[in-house]
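To keep things clear, I will list the structure first and then write my remarks on it.
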Number of protein chains: 2
Amino acid sequence: MAMERATRRQRATPRKGDLREQAILRAAEELLEREGVEPMTVEAIATGAGISRGSLYFYFGSKQEVLTALVARTLAALTEDATAFTDDEATPPHEAIEHAISRTEHMWRGHGRVMRTAVDHAAVIPEIGHLWTATVATFTKVMTGVLVRAGIPDGDGPADAAALAHTLCWMTERAFYQAAAQPVPDLPRAAATCTEIWFRVINHRA
Amino acid sequence: MAMERATRRQRATPRKGDLREQAILRAAEELLEREGVEPMTVEAIATGAGISRGSLYFYFGSKQEVLTALVARTLAALTEDATAFTDDEATPPHEAIEHAISRTEHMWRGHGRVMRTAVDHAAVIPEIGHLWTATVATFTKVMTGVLVRAGIPDGDGPADAAALAHTLCWMTERAFYQAAAQPVPDLPRAAATCTEIWFRVINHRA
DNA sequence: GCACAGATTCTACACGGCGCAGATTTTTTT
DNA sequence: AAAAAAATCTGCGCCGTGTAGAATCTGTGC
């Protein structure tokens with residue numbers, strides 16, 4: 001099903017009008033942050049980027065591809081932060097957790113609408129779903145290591161480090177999503193509650 | 001903006017063809033479970049209910065209203081379970097948690113596609129968003145009481161019972177959503193991991 | 001300067017799905 | 001049986017996506 005689209009630009013030739021692609025993504029995010037999802041029509045994006053509707057299809061094969069590229073760009077930045085943080089294996093678990101949550105909060109603060117839109121479309125646009133689960137998987141991997149270092153069994157059972165990290169990462173995602181969706185977002189409070197839960201999971205008594 | 005829809009049926013007169021409304025909802029859920037979201041077009045729903053496309057608009061003002069009614073019906077059943085469970089204030093926290101999670105798992109098992117669709121559309125259809133948050137709020141209220149009885153401070157800070165219950169309820173929702181979205185869903189495992197986290201939050205050492 | 005190739009853009013059209021209008025038929029009421 | 005209300009149908013118009021093909025702009029070799 002990966003047939004080549006008819007009017008799709010060849011990536012092998014990085015010609016001049018390449019900045020148009022960036023302009024389109026910029027216009028899309030701008031539109032998303034200010035107007036919302038429904039007003040973000042192809043017509044509106046194209047106009048925002050200074051071209052006509054048909055011209056946009058020279059750069060992107062569909063509206064979904066535009067959204068996917070936008071999400072990919074945002075998640076790439078987030079993943080980079082998380083990966084850079086992976087190296088700090090010497091830092092104590094508590095600080096590692098606080099740092100990861102802080103990084104996540106920062107991303108939700110700066111690109112909340114893109115993050116929310118990604119979540120909303122993850123189910124209906126497979127590519128976005130893959131990007132999102134891959135990002136969460138990266139976090140899960142890192143945090144699994146943190147939990148193990150904190151003394152939680154390193155197995156594959158439902159009560160072992162990997163499963164706990166997996167669910168706690170999705171919890172953190174959801175908490176920030178919820179907080180960001182409020183009329184008056186309170187990301188710090190969400191971060192504080194998440195941190196408390198992560199800590200309690202670590203500091204438990206058998 | 002709550003103007004009355006032109007071709008909308010008056011609820012004050014419970015005439016005969018009332019079972020059509022049920023047939024429509026049944027057809028919608030049937031279609032949702034078997035085909036997915038995109039194939040669930042108004043045309044398909046109407047055909048499944050044995051009427052023509054235009055006729056459907058006599059019963060529901062829009063496609064969104066059909067979906068909203070379907071979600072409302074499903075969540076009403078879930079909330080009823082949770083409310084009936086509220087009365088058991090004598091049961092110990094561990095059992096209360098297990099029971100609540102078990103009830104939730106049961107609902108996701110029987111109506112997973114409706115639940116997932118509800119989550120996916122909560123952001124874009126306000127009415128569904130309200131229904132969902134209201135349901136989670138009900139659970140949060142109950143579970144806050146459980147956490148308080150387990151010894152967690154009953155304040156409104158980010159580390160107090162209400163905030164913890166809120167985030168843990170959203171975590172549970174997300175865990176089941178994730179599990180249900182897998183090619184081979186493993187709800188019991190999701191339930192086990194959630195239970196473990198709830199327990200660890202309760203059984204922590206200062 | 002000129003012809004050519006590729007890149008970039010535009011206008012115009014077709015398709016699919018939603019929602020509405022008005023006519024028509026069935027059902028209920030009196 | 002007549003009238004009113006309920007229920008259903010057919011057909012139309014709108015909006016947004018995606019595509020086709022023509023037109024323009026750009027650089028390049030001669």
Side-chain angles (χ1 to χ4, degrees), chain A residues 1-25 27-28 31-32 35-70 117 121 124-125 127, chain B residues 1-25 27-28 31-32 35-70 117 121 124-125 127:
Chain A
M1 291 307 159
M3 297 290 291
E4 204 61 31
R5 258 74 83 267
T7 323
R8 186 66 211 288
R9 124 96 156 286
Q10 295 85 347
R11 296 310 191 92
T13 52
R15 291 288 166 193
K16 262 214 165 182
D18 209 4
L19 72 163
R20 271 287 141 89
E21 200 162 309
Q22 292 307 113
I24 290 171
L25 293 184
L31 210 50
L32 200 56
E35 307 288 340
V37 190
E38 293 90 0
M40 189 187 59
T41 174
V42 175
E43 170 74 40
I45 296 174
T47 302
I51 56 179
S52 114
R53 214 176 61 85
S55 295
L56 187 143
Y57 285 90
F58 177 78
Y59 295 98
F60 295 92
S62 69
K63 181 183 179 180
Q64 297 194 346
E65 277 191 24
V66 177
L67 200 53
T68 301
L70 184 57
T117 307
H121 290 70
V124 75
I125 304 181
E127 185 66 25
Chain B
M1 292 309 157
M3 295 292 291
E4 204 60 31
R5 259 72 87 268
T7 322
R8 186 66 209 285
R9 122 102 155 284
Q10 295 85 346
R11 296 307 193 91
T13 52
R15 291 290 164 191
K16 261 218 167 182
D18 209 5
L19 71 162
R20 270 289 142 89
E21 200 161 311
Q22 293 307 113
I24 290 171
L25 292 185
L31 212 50
L32 200 55
E35 307 287 341
V37 191
E38 293 90 1
M40 189 188 58
T41 174
V42 174
E43 170 73 40
I45 296 174
T47 302
I51 56 178
S52 112
R53 214 175 62 83
S55 295
L56 188 142
Y57 286 90
F58 178 76
Y59 296 97
F60 295 93
S62 69
K63 180 183 181 180
Q64 297 194 345
E65 275 190 25
V66 177
L67 199 53
T68 301
L70 184 57
T117 306
H121 290 72
V124 75
I125 304 180
E127 185 64 26

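Atom CD1 of A:Ile51 and atom C1' of D:dT24 are 15 Å apart (whole Å). Across the protein-nucleic acid pair, A:Ile45 atom CD1 and D:dG18 atom P stand 11 Å apart, rounded to whole Å. Atom CD of B:Glu65 and atom C1' of C:dC18 are 14 Å apart (whole Å). Atom CZ of B:Arg20 and atom P of D:dA7 are 10 Å apart (whole Å). Atom CG in B:Leu56 sits about 12 Å away from atom P in C:dC20, given to the nearest Å. Following rounding to the nearest Å, B:Phe58 (CZ) and C:dT24 (P) show an atom-to-atom distance of 18 Å. The interatomic distance linking B:Gln64 (CD) with C:dG17 (P) rounds to 17 Å, in whole Å.
Side-chain contact between B:Val66 and B:Tyr59 is absent, with no heavy-atom pair separated by less than 4.5 Å. Looking at heavy atoms from C-beta onward, A:Leu56 lies out of side-chain contact with A:Lys63 at the 4.5 angstrom threshold. A 4.5 Å side-chain heavy-atom check between B:Phe60 and B:Leu25 finds at least one atom pair inside the cut-off.
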- Note on the structure: Per-nucleotide protein contact along nucleotides 10-17 of chain D, 5' to 3', at a 4.0 Å heavy-atom cut-off (B base, S sugar-phosphate only, - neither), is B-----SB
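For the residue pair B:Ala27 and B:Ala49, the shortest heavy atom distance occurs at CB-N, 3.8 Å. Taking each heavy atom of B:Leu31 and B:Ala44 in turn, the nearest pair found is CD2-CB, 3.4 Å.
A side-chain donor-acceptor contact under 3.5 Å links A:Thr47 to the backbone of A:Glu43.
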